[in-house]
Every structure is written in structure tokens, then in C-alpha cells.
Amino acid sequence: MGRIWVLDTETKGTGAEMVPLDQVQRRPARKPEALFVPPKPKPREPEPPAARSPRAFKVVDVMTQAVLADRASARETLRVLSELRSVVDVNVSVWEPSTERWRLLTLGEQRMLWENRASADS
């Protein structure tokens, strides 16, 4: 009769080995290791949101590259836009404090400003 081989996984750190079944059955039963259950994490206090400064806009004429408004508030930007013929006559940028750079608004964002330019007069 042939031997029956089994995969012995009791070896620590060396990996599993193929051993005869009778060798595994002769071992004394091991006491199971205690299961480690980590404590529940304590809830953290949420950080208050950082104070956000008002947006600053820069409006530049496309043809002449003349700056029509620099570091203007939203209301001042809308007032400048109300004096123009078309939204595509200017490039509007917004100051991003996180990167400390001007970000050119997308055409959709510029159109949103353009549609609200009438509210600058009120």
C-alpha cells in the first residue's frame, strides 16, 4: 500500500511542505493561538474647514492682451464683462491660492459669468 502525502502548513516562516500523513497524525495537538482583535478606533474630531478667501479674477483682452481687471472681485469682474460685446473677447482667470497660480476659466465657466453680468449693476 502506498503512502498518503499531505500539505503540512504548521511550519512557521519556511512555507508549507509535503509530508506523509502518519507523520502529521503522530504530532501532539497544538494549542490554538489567541486571536488578536484590535481595539475599536476612537472617533476623531473633524478638522474645521479652512477659511476661504474671496475669489480674485483677472480679465485680459484677447486681441490686445491688455489687462482689463486684475485681482478683481466677482462683482467687479461682472461689471467689466457687462461692458464687452462677447464672452470670447476676453480670457478670464481665477487665482488659485493652493497652487499660487492663475487658472484660466473654461469656456463654460466664462459663459456662466457672462450670463450673470447683468446682476453686477444691481
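Side-chain atoms are counted along with the backbone in the values below, which use heavy atoms only and exclude waters and symmetry mates.
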Distance-minimising heavy-atom pair for M18 and L7: SD-CD1, 3.7 Å
Name all residues meeting the ring-ring contact (aromatic ring centres under 6.0 Å, His included) criterion together with W102; count only those two or more places apart in sequence or in a different chain, and write none if there are none. W95
Test of understanding: with side chain to side chain contact (heavy atoms under 4.5 Å, CB included), list the residues that count as partners of R103, not counting sequence neighbours. V94, E96, L105, E109
Under 4.5 Å between side-chain heavy atoms, chaining through other members, with only Ile, Leu, Val, Met, Phe, Trp and Tyr counted: pull out the rest of the cluster around F36, sorted by chain and number. none
Do you know which two heavy atoms are closest between L81 and V90, and how far apart they sit? CD2-CG2, 3.8 Å
Who passes side chain to side chain contact (heavy atoms under 4.5 Å, CB included) against R26, sequence neighbours left out? D22, Q23
Can you name the residues that form a salt bridge (Lys or Arg N to Asp or Glu O under 4.0 Å) with R101, not counting sequence neighbours? none
Counting C-beta onward and ignoring hydrogens, is there a side-chain heavy-atom pair between V88 and Q110 closer than 4.5 Å? no
To the nearest 0.5 Å, what is the distance between CZ on R79 and CD on E83? 9.0 Å
Would you kindly check if the NZ (Lys) or CZ (Arg) of R111 is within the cone defined by 45 degrees around the ring axis of W114 and under 6.0 Å from the six-membered ring centre? no
Short question: side chain of N116, backbone of L113 - any donor-acceptor pair under 3.5 Å? no
Check whether V80 and L107 end up in the same hydrophobic cluster, where Ile, Leu, Val, Met, Phe, Trp and Tyr are linked by side-chain heavy atoms less than 4.5 Å apart. yes
Connected via hydrophobic side-chain network under 4.5 Å: V19 and I4: yes
Identify every side-chain donor-acceptor pair in residues 49-73 under 3.5 Å, counting partners at least two apart or on other chains, and give the distances.
unit_1	atom_1	unit_2	atom_2	d
D61	OD1	M63	N	2.8
D61	OD1	T64	N	3.1
T64	OG1	A66	N	3.2
Q65	NE2	V62	O	3.1
S73	OG	E76	N	3.2

